[in-house]
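Take a look at the structure set out below.
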Amino acid sequence: MIIDWTMLALLALAAFGSGIVNALAGGGAFLTFPTLLAAGIPAIDANASSTVALCPGQFVSAFASRDILTDTKAPWRRDLVRLSIISLIGGTLGAVLLLVTPSAAFSRLVPWLLLFATAVFAFGMRFTPKDGKPWLGPLTIQAVQFVIAIYGGYFGGGIGILMLAALVFYGMRDIRAMNGLKIWLAALMNIMASIIFAFSGRVHWLETLTMMCTGMLGGFVGARLGRIIPPAYVRRFIIAVGCGLTVYFFIKPA
C-alpha cells in the first residue's frame, strides 16, 4: 500500500479546521467531506469516515465547555437529559438510514434546510414574541431536535446551524450557552452514528485516524476561542458559515 503523505497532510489540516468550525458554529464536515472525496474515497464512505474522525473532537469541545453544561441555574437544564436521549436515538436512526437508503432525494433538501436555518438564526432574535414566551415549547423543541438528530446521523452538514436556529425559537439568547448545548448534542448524535459506521466496513481507517488526531486539537482550540471571542463576532461567524454552507450545497453537483 502506497501512502500519499501529501493527501494525508491535507486531510489533517482539513480536520483541524473542521474541529474549530464545529466548536464555534457547526458545519465542520464542509471541510472534511469534500477533502475525503478529493482523496478518491466514495461518497458514503467519505461521509462515514468524516463522522468517525470528527466525533472525538466534538467531545473535546464539550469538555472544554463543561462549565456551561454544568450550570445548574440555566433555565434549559431541565431539558438537557431529554434532548440528550433524543440526540442519541436520532443519530442512530440517521446512520442506519444512510447505510440502507440512497441519499440523492434527501440531499436535495439540504440547501433549503440550511437556508431556512441560517435565516432563522440571523433574524430570529428580532422576532421575539411581545409576551416574552418562546415560540417553541418543550415538546416541540424535542420533536425538532429528533429530526435534526436523524439528519445529523445521516449526513450532518450544517447541524450546528440547525440546532442554533431551533434554540433561538426556543427562547435562548445567550450565544455561549447555545453553543455549549449545541456542541454536546452534536457529539451525542455523532457518537451513535460513529459506532454504527465503525462496524459497517465503510470507514477508511488510515485517513480517519489521521483526521481524528488533528480534529481533537481543533475542537479544543475552537472551544477556547468561543469563550474569548465577543458574542457578536461569534454570531457573525455562525451566520457566515451558514451562508457559505447554503451556497455550497446549492451549487454543488447532485
Side-chain angles (χ1 to χ4, degrees), residues 1-23 26-64 87-104 106-107 110 149-160 183-223 245 248-249 252:
M1 175 180 171
I2 300 176
I3 298 175
D4 187 338
W5 294 103
T6 301
M7 183 54 67
L8 283 180
L10 289 175
L11 288 169
L13 182 61
F16 177 72
S18 183
I20 294 175
V21 170
N22 272 340
F30 173 66
L31 299 177
T32 53
F33 181 67
T35 309
L36 284 164
L37 290 177
I41 296 175
I44 291 181
D45 293 17
N47 192 16
S49 298
S50 175
T51 299
V52 174
L54 297 180
C55 185
Q58 291 175 316
F59 279 99
V60 170
S61 296
F63 178 77
S87 297
L88 289 169
I89 296 172
T92 301
L93 292 176
V96 172
L97 280 174
L98 176 69
L99 296 177
V100 301
T101 62
S103 61
F106 197 86
S107 295
V110 171
I150 293 174
Y151 170 63
Y154 188 90
F155 177 63
I159 53 172
I183 291 169
W184 171 247
L185 296 178
L188 291 177
M189 65 181 73
N190 281 328
I191 188 62
M192 299 308 298
S194 294
I195 291 172
I196 292 172
F197 293 152
F199 291 98
S200 69
R202 295 282 193 173
V203 176
H204 293 240
W205 286 107
L206 175 61
E207 293 84 353
T208 298
L209 292 174
T210 299
M211 293 190 299
M212 193 178 290
C213 295
T214 55
M216 286 190 288
L217 179 59
F220 182 81
V221 171
L245 286 169
Y248 169 76
F249 281 109
K252 82 179 185 70

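Computed over heavy atoms, backbone and side chain alike; hydrogens, waters and symmetry mates excluded.
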Please tabulate, for the side chains in residues 209-223, all donor-acceptor contacts under 3.5 angstrom to protein atoms that are two or more places apart in sequence or on a different chain.
| residue | atom | partner | partner atom | Å |
| --- | --- | --- | --- | --- |
| Thr210 | OG1 | Leu206 | O | 2.8 |
| Thr214 | OG1 | Ala12 | O | 2.8 |
| Thr214 | OG1 | Met211 | O | 3.4 |

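Among residues two or more places apart in sequence or in another chain, the side-chain hydrogen bond (donor to acceptor under 3.5 Å, both in side chains) test is passed with Thr32 by Ser50. Judged as a side-chain hydrogen bond (donor to acceptor under 3.5 Å, both in side chains), and not counting sequence neighbours, Thr35 has no contacts. Scanning for ring pair (Phe, Tyr, Trp, His ring centres under 6.0 Å) contacts around Phe197 gives an empty result, with sequence neighbours left out. Every residue two or more places apart in sequence or in another chain that forms a side-chain contact (heavy atoms from CB on, under 4.5 Å) with Ser194 is listed here: Thr51, Val52, Cys55. For Pro42, the side-chain contact (heavy atoms from CB on, under 4.5 Å) criterion is met by Asp45, His204, not counting sequence neighbours.
Smallest separation of non-hydrogen atoms from Ile196 and Ala95: CD1-CB, 3.9 Å. Residue Ser200 comes nearest to Leu99 through the heavy atom pair CB-CD1, 3.8 Å, listed as atom of the first residue, atom of the second, then distance. Nearest approach of Gly152 to Met189, heavy atoms of both residues: CA-SD, 3.8 Å. Nearest heavy-atom pair across Leu37 and Ala46 is CD2-CB, 4.0 Å. Smallest separation of non-hydrogen atoms from Ser18 and Gly28: OG-O, 2.7 Å. Minimum heavy-atom separation, Met192 to Gly91: CB-C, 4.3 Å.
Going from atom CG of Leu185 over to atom CG of Leu88 covers 9.5 Å, rounded to the nearest 0.5 Å. Distance check, rounded to the nearest 0.5 Å: OG of Ser61 to CH2 of Trp184 gives 12.5 Å. In this structure, the separation between CG on Leu31 and CG on Leu11 is 11.5 Å, given to the nearest 0.5 Å. Rounded to the nearest 0.5 angstrom, Asn47 CG and Ile44 CD1 are separated by 8.0 Å. Residue Asn190 holds its CG atom at 5.0 Å from CD1 of Ile159, rounded to the nearest 0.5 Å. In this structure, OG1 on Thr92 lies 7.5 Å from CD1 on Ile195, to the nearest 0.5 angstrom.
Within a 6.0 Å sphere centred on OH of Tyr248, other residues, nucleotides and ligands contribute more than 12 heavy atoms.
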